[in-house]
Amino acid sequence: MSGVRTAVRRMKPYVPGKPVEDVQRELGLHDLVKLNQNENPLGPSPRAVAAARAAMAQVHTYPEGTARRLRERLAQMWNLPADWFLIGNGSDEVFRLLAEVYLEPGDRVVVPEPSFAAYRFVAELMGAEVVAVPLAGWTMDLPAMAEAAARGAKLLFLCRPNNPTGTVFAEADLRAALERVPPSTLVVVDEAYREFDETPFDSRTLVQDYPNVVIARTFSKIYGMAGFRLGYGVMRPEVLAPLYTARDPFSVNGLAVAAGLAALDDVEHVERTRALTREGKAYLYAAFQRLGLGYVPSEANFVLFDARRPAAEVFDALLRRGVLVRPCGSFGLPDHLRVTVGTPEQNRRFVEALKAALGEG
Ligand SMILES: Cc1ncc(COP(=O)(O)O)c(C=O)c1O
């Protein structure tokens, strides 16, 4: 079809994974262990589900456009004003709005590599030039990224903990890098997995100290609400206000907001998930060691490991045994796979399947 924007024509379309139902039907599997998208294996908080169910009675009305109640609750939690919060249809919407509002065609965007694909995607969508800075020793090369930004970048994306490595950087190192980034570069710190990370890092003070810092968070991971599509950005009102001009006023639905509010109150569910993840990682690390496979110690709810053979083959062999993981070829790591930490039973099934899959090769 003619008329497609040049930027869009140049992009590779996103290829979503096959729907789980289709995979199960094709392979005749009845219980697939789904460890490919870093979801919470405990599911959502029952309190979030109850709140969404109660909110159903109001679905004939439009939601309050700015999710005011959720912004006020987050403001309390962060001890920052409510107009520092933008609620999005997933944190994906926050990234897209930043790109739509701040990028002109040809502007530079600095991204880490490998990392979450959405940063590159939103930049390319706006016709921006993407400068990818390779990780150094599995962590972000902050000095190199700051240097790339100093050559003139509108946006710089950071992911902490990083997907797919699960690694973090120290706050002091970020502060040193921020001193070298021009104030005109917005620095987006994507903290989708922050609640799993037990290392010290004060996002609140960062966003207060640096007017060009944006923090992104999501309800998709530890809160177990990926299907609701709810995330948020924390940033100064001067940075945030223009985003409302581009935003679809009803992008965040009332059910998600009600569920999000209840999820924030269910501290126990978060704690249980954190403990499950911590124990699950220890179990997976021990298994990788026994199998003689390298892995990257992770601060998130997934672990990247080196299968020392083509990941696509290992992926297929695991899938035939009913375990779905993420092969990392699209991240530029053709021998690596990423596995989400599941329940103890799911982790055990993954390790059994992996042993069998490696024995095949
Ligand atoms: C690093 C990172 N950021 C953001 C997201 C997406 O979050 P959301 O579901 O809020 O759009 C993901 C999802 O996998 C992710 O891995």
Side-chain angles (χ1 to χ4, degrees), residues 14-17 34-41 43-44 48 67 70 74 85-100 109 111-123 125 132 135 138-140 155-169 187-197 201 203 214-234 243 247-248 251-253 255-257 259-260 263-264 273 277 296 298-304 324-328 330-331 333 336-341:
Y14 175 72
V15 185
K34 189 174 181 305
L35 301 175
N36 63 334
Q37 285 184 309
N38 307 335
E39 295 145 338
N40 185 336
L70 184 55
L74 292 167
F85 296 84
L86 180 87
I87 312 299
N89 187 269
S91 46
D92 280 345
E93 190 191 12
V94 178
F95 305 140
R96 187 189 272 248
L97 283 174
L98 286 164
E100 283 173 347
V109 176
V111 302
E113 196 168 72
S115 191
F116 188 47
Y119 318 140
R120 174 183 282 278
F121 170 81
V122 297
L125 189 61
L135 302 190
W138 295 124
T139 59
M140 249 151 252
L155 286 175
L156 185 162
F157 281 98
L158 298 171
C159 186
R160 184 189 188 281
N162 187 42
N163 177 7
T165 54
T167 48
V168 295
F169 45 79
V187 178
V188 184
V189 187
D190 178 5
E191 299 191 325
Y193 301 98
R194 177 58 205 279
E195 297 84 359
F196 296 100
D197 166 29
F201 190 80
S203 322
V214 174
I215 303 286
R217 292 270 180 104
T218 183
F219 285 83
S220 298
K221 304 301 174 182
I222 210 162
Y223 295 106
M225 290 173 40
F228 267 124
R229 312 305 304 126
L230 190 67
Y232 63 96
V234 194
L243 303 183
R247 181 175 173 268
D248 164 5
S251 66
V252 179
N253 72 76
L255 305 184
V257 171
L264 292 176
T273 306
T277 308
V296 183
S298 165
E299 300 298 337
N301 65 337
F302 53 82
V303 184
L304 181 73
L324 189 59
V325 297
R326 175 70 200 261
C328 292
S330 69
F331 287 103
L333 302 169
H336 284 74
L337 296 103
R338 187 193 68 198
V339 59
T340 305
V341 181

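When a ligand or atom number is given, it counts from 1 through the structure's own listing order.
Between R229 and D92, at least one side-chain N (NZ, or NE/NH1/NH2) sits under 4.0 Å from a carboxylate O, which counts as a salt bridge. Using a 4.0 Å cut-off between charged side-chain N and carboxylate O, K34 and E39 make a salt bridge.
E299 pairs by the side chain to side chain donor-acceptor pair (under 3.5 Å) definition with nothing, not counting sequence neighbours. The ring pair (Phe, Tyr, Trp, His ring centres under 6.0 Å) search around F196 returns none, not counting sequence neighbours. Not counting sequence neighbours, the partners of S115 by the side chain to side chain donor-acceptor pair (under 3.5 Å) test are N162.
Using a 4.0 Å heavy-atom criterion, the residues that approach ligand 1 are G90, S91, D92, F116, Y119, C159, N163, D190, A192, Y193, T218, S220, K221, R229.
Remark: I87 CD1 to L70 CG distance equals 4.0 Å, nearest 0.5 Å.
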